[in-house]
Amino acid sequence: MKPIVLFGGTFDPVHHGHVAIAQAAADAFDPQKIIVLPAGNPYQRGRMPLAKAGDRVAMLSMAMGLGATKVVIDKRELHRTGPTYTFDTLRELRNELGEKIPLIWLIGSDAFAKIDTWKDWSMLFELTHFAVVMRPGDAPIESSASADLNAMISTRYRFAGATDVDKSPAGCVILLKTIPPKVSSTDIRARLENGEAIRGLLPNTVCDYIEQHRLYLPSS
Ligand code: ATP
């Protein structure tokens, strides 16, 4: 059964790194679709996203080339009151999509190395596979993860190309062999605050949108 890729993030704003890893997942898994889930209130950040939900969705739609691809944006986390927990999202999606369909949560190495700080983290491995992309400059997961997380993932590793993800609904950790661009939303926001150039770090359409709507300026 073809899997569904799930891609959560704050996307404040979306950039070339996000687009590159979504493309890498599309190439590796030939999924039925990729569901992008912008976060409402990412509780671990201690602050709300700077751009409004509507602006983040508009930028995501441009960056992910909706219509031409299998990518859809799911706004459920934006409509939820209170903190955004991936566990709640995954449980809902699993109920809606059925027990059998392979789900693959796409995630960068920085976020995955800290996944044991997420709510009900060990249960996440019952609900989905994980596809991990190493962010340039990040240390290998084994050296930055806690003992508990290393114990959880040590028997779950698979390598893209030799995976059995389409045969099971959840539980594997797949390392995607791709080198994404070294770009982050934090860096883009900082550049905009300092009046520095951002072109080349994110799609031109998103760049134009940020300029037109005067997002991430010091006063906003
Ligand atoms: P911020 O700098 O605000 O923390 P970010 O650039 O990490 O943002 P998020 O929206 O938080 O972007 O990221 C969503 C997901 O995409 C996370 O799993 C993150 O690890 C991953 N990701 C973001 N940028 C990259 C990149 N350049 N390479 C690989 N993965 C990335």
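The first residue of the sequence shown is numbered 1, and numbering continues consecutively from there. Just so you know, ligand 1 is whichever comes first in the structure, and atom 1 is the first atom listed for that ligand. These figures come from a predicted structure and were not determined experimentally.
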Task: Partners passing side-chain hydrogen bond (donor to acceptor under 3.5 Å, both in side chains) against Glu126 (at least two apart in sequence or in another chain) - done: none
Open item on the list: Measuring only between side-chain heavy atoms, which start at C-beta, is Arg156 closer than 4.5 Å to Phe125?
Closed with: yes
TODO: Apply ring pair (Phe, Tyr, Trp, His ring centres under 6.0 Å) to Phe11 and list each qualifying residue two or more places apart in sequence or on a separate chain.
DONE: Phe7, His18
Counting both backbone and side chain atoms, is some N or O of [X] under 3.5 Å from an N or O of ligand 1?
X	result
Phe7	no
Leu106	no
His18	yes
Pro181	yes
Gly108	yes

Open item on the list: Using heavy atoms and a 4.0 Å limit, tell me yes or no: is Lys182 in contact with ligand 1?
Closed with: no
With a cut-off of 4.0 Å, which atoms of ligand 1 are near a heavy atom of [X]?
X	answer
Arg189	3 (O)
Ile107	18 (O)
Gly8	14 (C), 15 (C)

- [ ] Considering only NZ, NE, NH1 and NH2 on the basic side and carboxylate oxygens on the acidic side, decide whether Glu96 and Arg91 come within less than 4.0 Å.
- [x] no
Task: Note: Asp138-Lys182 ion pair, threshold 4.0 Å (strictly below) - done: no
